[in-house]
Amino acid sequence: MGHRIEIAAVASGHFVHLHVIREKRYGHFVHACALQQSISVWKNDRKRRLLCNGMAIAMLRVPDLTVFALHHDRLCDGEGQGKSKDREDNIAMFDKLKKEHIVAGDDFNRWKVPPASIAIHLCIGSVYAWSIFNPPLIKEFGVVSASSGDWGLQSVVWIFSVAIVFLGLAAAFGGKWLEEVGPRMVGVVAAFCWGGGFIIGGLGIMTHQLWLVYLGYGALGGCGLGLGYVSPVSTLIRWFPDRRGMATGMAIMGFGGGAMIATPIKEGLLSAFYKVPEYLGPESAVNLVTEGGKRMAEVGGQMVEVVVAGAAQVASAPVPIEEGVYVVGTGNTGAAATFFTLGVAYFIVMVIAAFSYRVPREGWLPAGWTPPTADAASKRMITHANVHIDQALKTPQFYLLWIVLCFNVTAGIGVIGVAKTMMTEIFGTTLPLVVNSAFAATYVFMISVFNMCGRFFWASMSDYIGRKNTYYCFFILGIALYLSIPFAAEQVSINPAVTWLVMFYAATMIIFTMYGGGFATIPAYLADIFGTKYVGGIHGRLLTAWSTAGVLGPLAITQLRQASVTSSIKDLASKVDPAAFQEKFGAGIAQLDQLVAAKTVTIGRLMEIAPAGTVDPTSSLYNTTMYAMAALLAIALVANKLVSPIHEKHHMETQQAGGSEAPSKA
């Protein structure tokens, strides 16, 4: 059995304070004390007794206590010794990921750290391009158009929401763990979760098991998102105490830019793995029948389900196809293979980046920089004190900032999740020559660009105008912009002009800069209010607001949109000629609900037989949602107004004996 203790010590007056590096007992690591726990050394003329929590752990006979290492080994002989040594080597390799092994020297160039954090955030930030996967996932069987057995948009869009929920939960629990083990350990675990989530999600797509996609990409991948998201934040704040806003902007900038890189990659992979289903010919040349709401055709003497590709489906296909009838289940969207490829690639990049993380020593400051005076700091609502991670939950400021983040994210996250779908639905029908599949994909790409730039711009700007004023800009300007979107949608349905598209495009891009800026500025806001000591853990817990927003945003988008769709279909169906309806869909209007459930009847197909002059309601499907988002920003504006400095009773008390801090008893 192995028993080995390694301890480093530094003399200080009459007592020697030691920090446990590691202790191995019977082949397992046991932390005798926390790394910053002081161990007293009682001494007489000849002996030194090490006390940890009042228990003697070793006797020393050493003349020099300035720096030493104690090795106390008791190893068995033979096979048992070999197995113990192997276990120790494996544990030692894992232990090297911890922060005590990645402390940089004073001459380390701090600008080497941001590229690693940006690389990880670029990988996990691809979640913002989730809407790229919506079209293929809802057409896995039909491929060119949704079939009766395909997943609905309402089922698929929640995968994104689940990932965001688990992001917040993982960040909340992982934030405190991050402070204990450091960013390298957390980054490596994030790589396994994010990459593994894609692999499991790909298996779910391949086998058409939706729960596997939720488990892989949603739950496991979401944990990777949360751990990867928080891993660099507190580290960069400590490396850049002179520019906290810029530091958090750099840390989180990559997350906003992830979709910028992922969008063309995902589009390219989907196109490369795409397989066109069997083509039967134009709709007029194929004898179609309707059974149970499904469109059927005879192939090889058997009736099989088919889908009809119209002009809209041809325009949205990733490869050239013809209008007409296609056999269900004979093609491939390429989604599963894309998931597998991305999972492997993201894992490799994130592991390399995680091993590039370094942390500064305790008390390190940039050369030539001195912290601001108390008066200057108080004017900017910046504290020099620290609030313990558990004590932060007892302050009203934590919950006010939670509301600020939650509602700011809710207003943007639902739109991001269906960005491509929203663009095509609002403008694809009114400006089809402009808004095609390529235009919508570019729109998703530009969301990522502005999201990323907004993170760095607004976070850096907050260093000059203050965090609170920055959020005032987000909410006041955001309310006006959200209210402008329904106006543009209404006008384009009346007068299909590019002017309204430009207005919509500009408004949403500015919204996304502030959406990203809210994420990048909140860590610096927390560091100003609660201090830097536990900002990583506090930030992780505040990200539960993101989890909540991950449910509220898509819920508002999907539910309000679906209510508008249902109402619009019924309204259009009441206007069309029943004979034309029967000829178009092979069933009467009395079977409308069944035809809608089978995805045979849609707003677009009803508009093909609607009377001349009928206004297409598609562009107004999101109006109610935009009004609701503006109301949420108004509430967040009030919460930001109420944020004030933390009361002194919540500050940590300094322990003079050990030089460390403890939570206040308040």
Side-chain angles (χ1 to χ4, degrees), residues 94 97 119-141 143 150-151 155-171 174 184-229 231 254-255 258-259 261-275 318 331-355 417 550:
F94 187 72
L97 297 174
I120 285 184
H121 274 228
L122 283 173
C123 290
I124 62 177
S126 67
V127 70
Y128 278 135
W130 170 257
S131 60
I132 296 293
F133 287 125
N134 284 341
L137 289 181
I138 63 176
K139 297 182 293 187
E140 271 299 298
F141 289 147
V143 181
D150 279 314
W151 299 323
S155 300
V156 170
V157 75
W158 283 102
I159 300 171
F160 174 81
S161 301
V162 170
I164 298 303
V165 168
F166 275 87
L167 181 156
L169 295 176
R184 181 176 293 181
M185 173 80 78
V186 176
V188 170
V189 174
F192 276 98
C193 292
W194 185 233
F198 267 93
I199 300 299
I200 296 175
L203 291 174
I205 297 171
M206 180 181 292
T207 59
H208 207 67
Q209 297 294 319
L210 189 59
W211 69 272
L212 266 181
V213 187
Y214 273 93
L215 174 65
Y217 189 94
L220 184 61
C223 290
L225 288 175
L227 295 176
Y229 190 89
S231 64
F255 197 88
I261 295 177
T263 296
I265 293 176
K266 289 179 178 179
E267 292 277 6
L269 290 173
L270 288 171
S271 297
F273 296 125
Y274 188 89
K275 178 186 175 183
N332 194 327
T333 63
T338 300
F339 264 59
F340 293 141
T341 304
L342 292 175
V344 174
Y346 286 146
F347 173 77
I348 294 173
V349 173
M350 291 176 69
V351 168
I352 294 174
F355 273 86

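Just so it is clear, the structure is predicted and the values come from calculations on it, not from any experiment.
- The minimum heavy-atom distance between A170 and G222, with the atom names listed, is CB-O, 4.5 Å.
- Taking each heavy atom of V143 and K275 in turn, the nearest pair found is CG1-O, 3.8 Å.
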- Task: Could you walk me through whether V344 and F340 pass the side-chain contact (heavy atoms from CB on, under 4.5 Å) test, one step at a time?
- Result: CA-CA 7 Å; V344 174; F340 293 141; 6.0 Å; no
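- Using a 4.5 Å heavy-atom cutoff, the side chains of V127 and F160 are in contact.
- With a 4.5 Å cut-off on side-chain heavy atoms, F339 and I200 do not count as touching.
- Separating the SG atom in C193 from the CZ atom in F347 is a distance of 10.5 Å, to the nearest 0.5 Å.
- Side chain of H121 to main chain of G258: no donor-acceptor pair is present (N/O by atom type, distance under 3.5 Å, no hydrogens or angles).
- No more than 12 heavy atoms of other residues, nucleotides or ligands lie within 6.0 Å of CZ in F192, so this atom counts as exposed by the packing criterion.
- A 4.5 Å side-chain heavy-atom check between L210 and S155 finds at least one atom pair inside the cut-off.
- Atom CG of L203 is separated from atom CG of L212 by 7.0 Å, given to the nearest 0.5 angstrom.
- Here the straight-line distance linking atom CD1 of I132 with atom OG1 of T338 works out to 11.0 Å at 0.5 Å rounding.
- Distance CD1/I265 to CG/L270: 12.0 Å, rounded to 0.5 Å.
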- Task: Could you check F355 against L97 for side-chain contact (heavy atoms from CB on, under 4.5 Å), going step by step and ending with a plain yes or no?
- Result: CA-CA 8 Å; F355 273 86; L97 297 174; 3.5 Å; yes
- Task: Check the pair T333, L137 against side-chain contact (heavy atoms from CB on, under 4.5 Å), reporting the backbone distance first and the verdict last.
- Result: CA-CA 8 Å; T333 63; L137 289 181; over 6 Å; no
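- For F198 against G343, the heavy-atom pair with the smallest separation is CB-CA, 3.5 Å.
- A distance of 8.5 Å separates CD1 of I199 from OG1 of T341, quoted to the nearest 0.5 Å.
- Distance check: I159 CD1 to I164 CD1 gives 12.5 Å after rounding to the nearest 0.5 Å.
- Side-chain contact between M350 and I124: present, with at least one pair of heavy atoms (C-beta onward) separated by less than 4.5 Å.
- In this structure, W151 and G204 approach most closely via the heavy-atom pair CH2-O, 4.2 Å.
- The heavy-atom pair separating E140 from D150 by the smallest distance is N-OD1, 3.0 Å.
- Between C123 and V349 there is a side-chain heavy-atom pair separated by less than 4.5 Å.
- Considering all non-hydrogen atoms of both residues, A354 and G187 come closest at CB-C, 3.8 Å.
- Results of the ring pair (Phe, Tyr, Trp, His ring centres under 6.0 Å) test with Y217 over F133, W194, F166, W158 single out W194 as the only residue that passes.
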